[in-house]
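All remarks here apply to the structure that follows.
A note on names: the letters A, B, ... follow the listed sequences, proteins ahead of strands, and every chain is numbered from 1.
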There are 2 protein chains.
Amino acid sequence: MQQFTYHNPTKIVFGVGMLETIGQEVAPFAKKVLYLFGKGSILKNGIHAKTTDSLRRAGVELVEQDGVKANPVLPHARQTIELAKREKVEAIVAVGGGSVIDEAKAVAAGTVAENDVWEFYNRSGTPILKALPVFAVLTMSATGSEMNGNTVITNTETNQKLGMGNILLYPKTSILDPSALVTVPPDQSAYGAVDAVTHLLESYFIRNDPFTPLQDRYVEGIVRTITEIAKTMQDKPDDLDARSTFMWAATLAWNGMAPAGVGAWFTPNHLMGHSMSALFDTPHGASLSITLSGWMPWYTEQSETNRKRMAQLGKAVFDVEGAEATIERFRNWFRSLKSPTTLSDIGVDATGLSRLAQNIEENAALWGLPEYDRAFCEAILRRCE
Amino acid sequence: MQQFTYHNPTKIVFGVGMLETIGQEVAPFAKKVLYLFGKGSILKNGIHAKTTDSLRRAGVELVEQDGVKANPVLPHARQTIELAKREKVEAIVAVGGGSVIDEAKAVAAGTVAENDVWEFYNRSGTPILKALPVFAVLTMSATGSEMNGNTVITNTETNQKLGMGNILLYPKTSILDPSALVTVPPDQSAYGAVDAVTHLLESYFIRNDPFTPLQDRYVEGIVRTITEIAKTMQDKPDDLDARSTFMWAATLAWNGMAPAGVGAWFTPNHLMGHSMSALFDTPHGASLSITLSGWMPWYTEQSETNRKRMAQLGKAVFDVEGAEATIERFRNWFRSLKSPTTLSDIGVDATGLSRLAQNIEENAALWGLPEYDRAFCEAILRRCE
């Protein structure tokens, strides 16, 4: 095991019915908040009414802002920051999925900053020195943003989807109420499951310490659980056993625990998937089932060590023998959920692939990964055709 | 899954050589600290010198107090509280194992309280409203106290060993430096491994939700890892792969993650083990390998569900089939580490067993567990003879 720091101060309040406790969580920290949400599904399923009632009963004044996009965009974040400044809110309450929480973090940092918020994302080195407290009521599980300090925003002017993280951006409290998930549609349930599994697999494969049995079993156990229950979320949307299990699984998948101690690691599939979403507006989870379907065989062929690692995963998750069988089972799992596995599934041709490789090269340079140049990326992406 | 709150704000700094960073962790919070340790092994192995140097270089003034016992006792905690009050320290730095950290938490709460510190432990209902910040440099892994808000103290006047927990008692920072473990002797290494495994098994067996695949796999993965590496810690004390893995495993075993979501649970083996330590000064881990060796067959015989559960554990941890084989493998594992498996191993006869059952009954009443009366406890304890 390698050196690491693990510090995750987010309080998780989990359970059916708990979304109505948001008021008591927020009230000790703020009397006036920005209440941020997305396209308005929470207006139909009752979550808006329950959470705003809870906040008002606790004496919290609300400034509401809707319209956060599925891949949240910089112009909307900037507009929300202006609103938050004007209204002098003391905290941000995000009611939604990872996109809403990610934008809430941008707003939390941007509202109390001198600089434009994009400077925190574009690797210019501007440090976050303070941020308003963020609270989250999770209505779609996938990104893990509810229990980490990360945020990803798409700059629609430059076609860049970039992320950053800071200890000040961990939500103070995140409410995980599985009943909020029962109206998540089948495609979004699938993309969430793929996203969570990909989070776990990134540091499982890309790491520089060969002896990490604790981290291996942590990842294998959660991936196995997600692959077992994901189909139930589609077939029986109101199965609370499946929704509860997935809700906690997705949080555990990206709360910093899986990579703690594995040494240097990074996220090749997220690197490629973010570019795919930025160029083609591909849902995040869909981009990842495409990249994984090509990246896994590419990775396996790089060394005998990699091949053994892939086989270890397949044994633990699917009880199968060998790397090829493992990859086939993951592809079949993606297909069973109707999540795409090739670029052609989303209508991207050779020209699109080339643009994608170019975009990845540019982002990789910002990430400090010069080896992910255009030619290198094209070699992987051709496995995704 | 059931409702839960998970909130663990402790910052973990993990890695070989990291104990020399204690100064920079403490300095932002305190200029004068109580530096608490045990019987003085840190004076011989260099840890005292490295950590006090680090603190002084960071401008932190030290008030030193040694002499914390392996099962920390109330008179010493009270004496340390008087010292901390007199010297007006601003934080407690615990350098040791779980006992030192547990006493540090008692001192952190007791120093700024109006009441006697024992009132926090004896279930009189006195709430902890404030506490000095606690920092830990871990020199023996077992109890998980470095990443939770729990503390156990023995009242030598009443022969009670009682615990309590509070969010204010989570260490601000705990430094987990695996090199600090290489001088831990074989018996203590064994007891630490048994303690960590027992922590994981308590909520694995005693819980009221039948569908907890995430929690099951979390526990099974860590227990399997500990059973695989514990012997290496005894045979090759300076094997840093084994020490690192165990150090993180023991922390993960009792940081609140394993029971989160399993519903109502409690710790029958710790209940019985604490009484054993209070009456016979049995090392904590040794008391648990005795109780588990008797409790596991007793538990298995209570229902077919229990039998299946025991078999599930054995399959996941030892690749064996059936409850009986599982129990046998655990007993063999305890024996291989030279940790006792019967009351006669520690010289406790039928009279001692009777006194033990009486003591458990009294503590169980304080814990709100009236079913653990004398007769009930004797039935379990006779399996430990």
Identify which part of [X] has an atom lying under 4.5 Å from any heavy atom of chain A, answering side chain, backbone, both or neither.
X: B/Ile167; answer: neither
X: B/Met1; answer: both
X: B/Ile226; answer: neither
X: B/Met247; answer: neither

Mind ranking [options] by heavy-atom pairs under 4.5 Å with chain A and telling me who comes out on top?
options: B/Gly221, B/Pro178, B/Ala260; result: B/Gly221
options: B/Glu220, B/Met147, B/Arg217; result: B/Arg217
options: B/Gln2, B/Met257, B/Arg224; result: B/Arg224

Problem - NZ (B/Lys172) with more than 12 external heavy atoms under 6.0 Å - result: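 Open: at most 12 neighbouring heavy atoms sit under 6.0 Å from NZ of B/Lys172.
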
Problem - Straight-line distance of B/Asn8 CG to A/Tyr6 OH, nearest 0.5 Å - result: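 Going from CG on B/Asn8 over to OH on A/Tyr6, the span is 8.0 Å.
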
Handout entry: Atom pair OG1/CD of A/Thr225 and B/Gln215 - distance to nearest 0.5 Å
Key =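 With rounding to 0.5 Å, OG1 (A/Thr225) is 9.0 Å from CD (B/Gln215).
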
Practice task
Please name the pair of heavy atoms, one in B/Leu214 and one in A/Ala249, separated by the smallest distance, quoted to 0.1 Å.
Solution key: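 Scanning both residues completely, I find the closest heavy atoms to be CD1-N, 3.5 Å.
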
Problem - Portion of A/Thr245 that has a non-hydrogen atom of chain B nearer than 4.5 angstrom - result: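 A/Thr245 touches chain B through backbone and side-chain heavy atoms alike.
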
Handout entry: Contact class of A/Leu240 relative to chain B, heavy atoms under 4.5 angstrom
Key =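 No part of it gets close to chain B.
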
Problem - side-chain contact (heavy atoms from CB on, under 4.5 Å) between B/Val13 and A/Gln3, worked out - result: CA-CA 8 Å; B/Val13 176; A/Gln3 191 179 309; over 6 Å; no

Practice task
Could you go through the side-chain contact (heavy atoms from CB on, under 4.5 Å) check for A/Phe211 and B/Ile229 one step at a time?
Solution key: CA-CA 12 Å; A/Phe211 187 73; B/Ile229 56 157; 4.3 Å; yes

Practice task
Look only at the side chain of B/His7 and the backbone of A/Ile12, and say whether a donor-acceptor pair between them is shorter than 3.5 Å.
Solution key: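 The answer is no, because no donor-acceptor pair under 3.5 Å joins these two groups.
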
Exercise for the section: Take the angle between the ring planes of A/Phe14 and B/Phe4 and call it parallel below 30°, perpendicular above 60°, tilted in between. Expected result: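 Answer is parallel, since the angle falls under 30°.
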
